[in-house]
Amino acid sequence: MNIYVIKNPENKNYKQSILELYAKTIKYDKEISIYTEKFGKPYIENNPFYFNVSHSYDYYIIACSQYEMGIDIEKHREFHFDKIREYFTDNENFYIKQYGENAFFDLWCKKESFVKLYGYSIFHFIKNQKKYNGDYNKCLFSKINIDDKYSCYVASNHKEDINIINM
């Protein structure tokens with residue numbers, strides 16, 4: 001899996017450029033057309049490879065792989081525990097209370113990367129979290145260290161090496 005990290009991109013067409021770059025690395029030479037599923041998950045027609053995109057403040061990231069995956073990045077910032085409590089399990093709430101801001105953003109990124117793997121919306125997942133607990137617990141999560149002020153996770157059902165490429 002390649003994870004492309006772009007800080008403050010000047011070119012807003014970075015997504016197409018990165019996908020074409022990745023396509024060359026896997027020797028895929030057809031035109032790339034991007035479509036979206038019901039909840040907005042992007043995909044390429046005929047799935048020669050999979051990709052997922054996330055951004056938060058200064059960073060844009062694109063993960064490309066031969067397997068489906070989801071990725072999320074969030075900048076650490078002030079949050080109000082009382083307003084987010086309902087989105088987490090009792091164990092997660094205890095963990096957030098104990099470890100604070102970084103714990104909240106790590107858990108949130110894990111949830112977001114999971115729903116992006118399957119193409120759900122975050123609110124659909126939260127409303128039906130008990131239904132998806134088995135899949136969530138079996139999912140492979142990898143923390144991606146990009147910046148101390150950010151949390152970033154990728155979720156997949158396949159173990160693979162991760163290459164971080166700063167653009």
Side-chain angles (χ1 to χ4, degrees), residues 1-12 14-15 18 34 36-43 50-65 67-160 162-167:
M1 176 185 313
N2 285 356
I3 297 177
Y4 299 90
V5 179
I6 306 109
K7 188 169 184 180
N8 297 320
E10 294 175 17
N11 176 0
K12 295 301 178 188
Y14 68 90
K15 186 184 340 180
I18 297 290
I34 302 170
T36 55
E37 294 177 352
K38 180 180 176 183
F39 290 111
K41 181 176 181 175
Y43 69 95
Y50 299 92
F51 75 99
N52 205 251
V53 179
S54 185
H55 60 87
S56 181
Y57 292 83
D58 296 336
Y59 286 99
Y60 289 75
I61 54 175
I62 300 176
C64 298
S65 173
Y67 303 109
E68 287 195 70
M69 92 309 288
I71 193 163
D72 191 53
I73 186 170
E74 292 292 336
K75 183 176 184 177
H76 299 173
R77 56 197 182 276
E78 184 179 338
F79 73 99
H80 301 283
F81 186 73
D82 293 337
K83 292 181 180 179
I84 57 96
R85 179 179 287 140
E86 69 184 282
Y87 300 125
F88 294 93
T89 65
D90 290 342
N91 287 342
E92 291 170 333
N93 279 315
F94 178 77
Y95 182 77
I96 292 167
K97 270 188 162 177
Q98 197 167 16
Y99 295 102
E101 179 182 277
N102 290 4
F104 162 73
F105 286 105
D106 280 352
L107 288 172
W108 186 261
C109 281
K110 285 177 82 173
K111 286 179 186 289
E112 280 275 2
S113 66
F114 175 79
V115 299
K116 291 172 78 177
L117 165 63
Y118 289 102
Y120 305 136
S121 77
I122 188 70
F123 298 107
H124 170 82
F125 171 73
I126 289 168
K127 282 170 75 175
N128 300 286
Q129 194 161 344
K130 287 182 182 174
K131 177 180 168 184
Y132 297 112
N133 268 349
D135 291 336
Y136 185 82
N137 292 332
K138 286 189 259 177
C139 190
L140 301 172
F141 293 99
S142 297
K143 183 172 182 145
I144 308 301
N145 295 312
I146 291 177
D147 185 310
D148 290 343
K149 295 177 184 152
Y150 287 78
S151 290
C152 183
Y153 276 84
V154 64
S156 178
N157 289 316
H158 299 275
K159 184 166 179 57
E160 55 182 321
I162 297 174
N163 303 308
I164 299 173
I165 301 162
N166 291 300
M167 303 297 285

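Nothing here was measured: the structure is a model prediction, and the numbers come from that model. Just so you know, these numbers use all the heavy atoms, side chains as well, and skip hydrogens, waters and symmetry mates. Along the sequence shown, residues are numbered consecutively beginning with 1.
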Exercise: identify the closest heavy-atom pair between Asn102 and Ser151: O-OG, 4.1 Å
Does Glu92 come within less than 4.0 Å of Lys111, counting only side-chain N to carboxylate O? yes
Assess whether side chain to side chain contact (heavy atoms under 4.5 Å, CB included) is satisfied between Phe51 and Ile18, documenting all intermediate values. CA-CA 10 Å; Phe51 75 99; Ile18 297 290; over 6 Å; no
Shortest non-hydrogen contact from Tyr59 toward Ile73: CB-CD1, 3.7 Å
Search all heavy atoms of Ala63 against all heavy atoms of Ile71 and return the closest pair with its distance. CB-CD1, 4.0 Å
For Asn8, look at atom CG and say whether over 12 heavy atoms of other residues, nucleotides or ligands are found less than 6.0 Å away. yes
Only counting residues at least two apart or in another chain, list the ones meeting salt bridge (Lys or Arg N to Asp or Glu O under 4.0 Å) with Lys75. none
Which value, rounded to the nearest 0.5 Å, describes the distance between Leu117 atom CG and Asn157 atom CG? 5.0 Å
Should the pair Tyr60 and His55 be assigned to parallel (<30°), tilted (30 to 60°) or perpendicular (>60°) ring geometry? parallel
To the closest 0.5 Å, what do you measure between NZ (Lys149) and OG (Ser56)? 13.0 Å
Here the gap from Ile146 atom CD1 to Asp58 atom CG, rounded to the nearest 0.5 Å, amounts to 12.0 Å
How close do Lys116 and Val53 get, heavy atom to heavy atom, and via which atoms? NZ-O, 2.5 Å
Straight-line distance of Tyr99 OH to Leu107 CG, nearest 0.5 Å: 11.5 Å
Reported CG-to-CD1 distance for the pair Asn166 and Ile61, which is rounded to 0.5 angstrom: 11.5 Å
Assess whether ring-ring contact (aromatic ring centres under 6.0 Å, His included) is satisfied between Tyr150 and Tyr57, documenting all intermediate values. CA-CA 10 Å; Tyr150 287 78; Tyr57 292 83; 7.3 Å; no
How are the rings of Phe88 and Phe104 set relative to one another: parallel (under 30°), tilted (30 to 60°) or perpendicular (over 60°)? perpendicular
Sidechain-backbone polar pair: Glu74 side chain, Cys109 backbone, donor-acceptor under 3.5 Å: no
Approximate separation, where rounding is to 0.5 Å, of Cys152 SG and Lys110 NZ: 13.0 Å
Between Asn52 and Tyr50, do the side chains contain a donor N or O and an acceptor N or O under 3.5 Å apart? no
Distance-minimising heavy-atom pair for Glu68 and Ser156: O-OG, 3.6 Å
Hey, mind stepping through Ser113 and Asp72 against side-chain hydrogen bond (donor to acceptor under 3.5 Å, both in side chains) and telling me if it holds? CA-CA 5 Å; Ser113 66; Asp72 191 53; over 6 Å; no
Look at the rings of Tyr67 and His158 and say which category their plane angle falls in: under 30° parallel, 30 to 60° tilted, over 60° perpendicular. parallel
Check Glu101 against His76 and note the closest heavy-atom contact, atom names and distance. OE2-CB, 3.4 Å
With a 4.5 Å cut-off on side-chain heavy atoms, are Tyr153 and Glu112 touching? no
